[in-house]
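Quick notes on the structure that follows.
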There are 2 protein chains.
Amino acid sequence: MDQVEVFKALSNKTRLMILQWLKEPELNFPPQDRDMKEVGVCVGQIQCKAQLTQSTISEYLSVLQRTGLIESTRIGQWTYYKRNEAACLELKQLIETSI
Amino acid sequence: MDQVEVFKALSNKTRLMILQWLKEPELNFPPQDRDMKEVGVCVGQIQCKAQLTQSTISEYLSVLQRTGLIESTRIGQWTYYKRNEAACLELKQLIETSI
DNA sequence: TAGGCATATCGGGAAATTCCGATATACATT
DNA sequence: AATGTATATCGGAATTTCCCGATATGCCTA
């Protein structure tokens with residue numbers, strides 16, 4: 001896990017918010033058919049909440065995914081993103097010891 | 001403490017290294033007259049270790065100081081920088097709960 | 001297979017960051 | 001006062017980031 005890359009990813013208000021929203025998806029997004037805990041939240045919902053264009057949000061999600069902090073599942077025409085809690089924990093432990 | 005600003009400050013390899021070097025100054029810098037734990041490390045020593053120009057390091061130290069993670073003391077013609085451990089702890093706790 | 005919808009990718013203008021050399025400031029010494 | 005040394009600030013070229021609109025891709029339905 002490259003700390004500098006992770007900090008770059010999190011040094012943007014919207015990306016940081018997305019990561020935080022995904023901590024408790026059912027609290028931050030309207031209900032959907034699929035179980036949010038299980039599969040995640042689709043791009044459209046995140047875009048709607050973030051109030052930026054679809055292309056921007058799609059790119060931001062890629063940036064977060066590249067760090068490993070979130071992961072995606074494609075189902076039909078939707079891509080669902082959810083947190084990778086193991087990676088988030090690893091990051092927190094790394095910061096705990098390195099900062 | 002503005003998380004995004006802190007992450008911006010730490011999303012640069014050199015700045016992150018400086019913060020880490022200052023965790024154990026006597027391990028990372030050559031001996032000096034004044035007590036490093038007490039007063040910190042002067043800009044010249046940090047620049048020497050970082051291998052960037054004086055102006056760049058001076059600016060990086062300002063960026064870190066603006067976040068509150070480090071603080072400076074001017075003594076004679078030297079400016080000594082050291083970690084603000086309380087602020088570093090606060091940051092880690094913030095990350096622990098918010099990420 | 002045609003059309004619609006969700007998402008990804010591309011190209012780019014504007015703004016921010018990186019890092020430098022030159023210069024200013026502040027203090028110390030002679 | 002003049003000089004030397006440590007640090008801060010300024011101006012700028014190169015690079016990166018931000019965020020957009022346009023377009024491509026992939027899947028689904030009629």
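Remember, it's a predicted structure, so these values are computed and weren't measured experimentally. FYI, side chains are in, hydrogens and waters are out, and symmetry mates aren't considered; it's all heavy atoms of this structure. Numbered from 1 within each chain, the chains take letters A, B, ... in sequence-line order.
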Could you state the CG-C1' distance from B:N12 to C:dC20, rounded to the nearest angstrom? 14 Å

Can you find a donor-acceptor N/O pair under 3.5 angstrom joining the side chain of A:Q54 to the base of C:dA8? yes

Is there a path of hydrophobic side-chain contacts, each under 4.5 Å between heavy atoms, that joins B:V63 and B:L52? no

Out of curiosity, A:I95 CD1 to B:E96 CD, how far, rounded to the nearest 0.5 Å? 9.0 Å

Roughly, in whole Å, what's the span from CD in A:Q77 to P in C:dG3? 17 Å

Shared hydrophobic cluster for B:L89 and A:L91 (ILVMFWY, side-chain gaps under 4.5 Å): no

B:Y60 OH to C:dA16 P, in whole Å, measures 17 Å

Check the phosphate of C:dC20 against B:T56, side-chain N and O only, distance under 4.0 Å to OP1 or OP2. Yes or no? yes

Contact check, side chains of A:E5 and A:Q3, non-hydrogen atoms, under 4.5 Å: no

Could you tell me how far apart A:W78 (CH2) and C:dG4 (P) are, to the nearest whole angstrom? 16 Å

Please compare B:L61 and A:Q51 by the position of their nearest nucleotide in DNA chain D and report the one closer to 5'. B:L61

Between atom CZ in A:F7 and atom P in C:dT17, what is the gap in whole Å? 17 Å

Please list all pairs passing the salt bridge (Lys or Arg N to Asp or Glu O under 4.0 Å) test where one or both residues lie in residues 70-88 of chain B, with sequence neighbours left out. B:R83-B:E85

Using a 4.0 Å heavy-atom cut-off across all strands, classify A:Y81 as base, sugar-phosphate, or nothing. sugar-phosphate

To the nearest Å, how far apart are B:E59 CD and C:dT23 P? 19 Å

Chain A on DNA chain D: first and last contacting nucleotide, 5' to 3', under 4.0 Å to a heavy atom? D:dT17 to D:dC28

To the nearest angstrom, the CE-P distance between B:M17 and C:dC19 comes to 14 Å

Round to the nearest Å and state the distance from A:R34 atom CZ to C:dA6 atom P. 15 Å

Check whether any side-chain heavy atom of B:L10 lies under 4.5 Å from a side-chain heavy atom of B:L64, and answer yes or no. yes

Does A:I75 sit in a hydrophobic cluster with other residues, and if so which ones, taking ILVMFWY side chains as linked at heavy-atom separations under 4.5 Å, directly or through other members? A:V39, A:W78, A:Y80

Phosphate OP1/OP2 of C:dT17: any B:R15 side-chain N/O under 4.0 Å: no

